[in-house]
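Quick note: residue numbers are just sequence positions, from 1. Being a predicted model, the structure only gives us computed values, none of them experimental.
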Amino acid sequence: MTNDSVGAAEASTFAMLCCANGAEKQVVSDLERDRWRRAFSRPGFVTVKKDQPSAELPEGTFIRTAAYSIGHSRSPDASTQIQSLIELLRSRYPHGIEFDELHVWPRDRLPIGKFGFEPGQDEVSRLVADEIYQTLEKDWLRCDAPNRIAEPDARCLDIVLVDPSDWFVGHHRAGDWHQRWPGGVQPIDPQYEPISRAYYKAAESITWSGFDFAPGDLVVEVGSAPGGACGRLLELGMRVIGIDPADMDPRIADHPKFKHLRARAGDLPRKEFRGVRWLLADSNVKPEKTLVTIENIVKHPVCEIEGLLLTMKLGNYEVSRHIPNWIKRIQTWNPADIRIRQLARNRCEVCLAIRLKPDR
């Protein structure tokens, strides 16, 4: 279904959603309140239906990507699949259309981190994307290559490889960063080999938050060892304070713009946070413990922090029922804005982006 004029007379809206492998039940549960109904699902992938024409695409904490569904095709033969794709497009757009971008990616085949699995494009999806592009570029595409970062408001043709021989086809208009990235996963090419995957989590959270991190800003990370996120912050030119009783990787510990406070954040005098503009926290503790620690920092008169990026460990998705209580508590900090999302690089956890008022 589409928000464009084509198909506007249809009675229902169909959408296809990607999420972390294991988050499907939470995705569906969140959407039922808005009258979406599950149609089909596999781990990491859900299709839903709403009895309303031209409905807005669903949104939710655990939805990584959302697109209007055009249809799907299944065949072990790639050329047959591509011909079926062309037939789907011709059926939906009999007068033709050109998409600004082609995004092709696989659903998450495993929970993130299991056997080293990370979301995003793999070798199979890259090969499929290239073959689709070569066939469609003349008549259906404006882009000069597949899987480019879309510009805002770009019309994207989306193809999810639910399996290598089972393609679901849809489209969306690019808006925020996750809608611009192929499959909602940030393409990033580190300058050096990251110390840990926390590097990618920090990179994604910074971009998604919209916070205007600038070179020279003073940033604190609570739970910094061994230094993955600090590596990204230093790469961006920040001055970084890492708070963790554990050792930091020497590449971080020896950096001239890094200071290590070998302690727990709750035990430090509040003067250590003077001049800090941003705070990140990614500690392996329960969310309630994280909130207590951060609350004691941000409510202190010396605190001038503008923005917080807090990773909340769920452990299992049932814990997400406590999210409204966490938000309620954070609202007592007098924030200007609170956003929450399971980032593409999050495991069974969510990220909170909290902008604080200067006069709180």
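- Side-chain contact between Glu131 and Ile82 is present, with at least one heavy-atom pair separated by less than 4.5 Å.
- Within the structure, ring pair (Phe, Tyr, Trp, His ring centres under 6.0 Å) pairs that include any residue of residues 252-290 comprise Phe211-Trp278, Phe213-Trp278 (at least two apart or interchain).
- The side-chain heavy atoms of Tyr68 and Asp158, taken from C-beta on, include no pair separated by under 4.5 Å.
- Screening Arg180, Arg142, Arg148, Arg155 for a salt bridge (charged side-chain N to carboxylate O under 4.0 Å, His left out) involving Asp100 leaves a single residue, Arg142.
- Around atom NZ of Lys50, more than 12 heavy atoms belonging to other residues, nucleotides or ligands sit under 6.0 Å away.
- For the salt bridge (charged side-chain N to carboxylate O under 4.0 Å, His left out) criterion with Asp108, the lone passing option out of Arg64, Lys114, Arg347, Arg345 is Arg64.
- Applying the ring pair (Phe, Tyr, Trp, His ring centres under 6.0 Å) definition to pairs two or more places apart or across chains, those involving residues 40-60 are Phe40-Phe168, Phe45-Phe168.
- Applying the ring pair (Phe, Tyr, Trp, His ring centres under 6.0 Å) test to every pair with at least one member in residues 104-127, sequence neighbours left out, gives no pairs at all.
- With a 6.0 Å radius and a threshold of 12 heavy atoms from other residues, nucleotides or ligands, Arg38 has its CZ atom at or below the threshold.
- Lys259 has its side chain within reach of Leu261: a pair of non-hydrogen atoms, C-beta onward, lies under 4.5 Å apart.
- Between Gln26 and Asp30 there is a side-chain heavy-atom pair separated by less than 4.5 Å.
- Under the 4.5 Å side-chain criterion, counting only non-hydrogen atoms from C-beta, Asp282 is in contact with Lys201.
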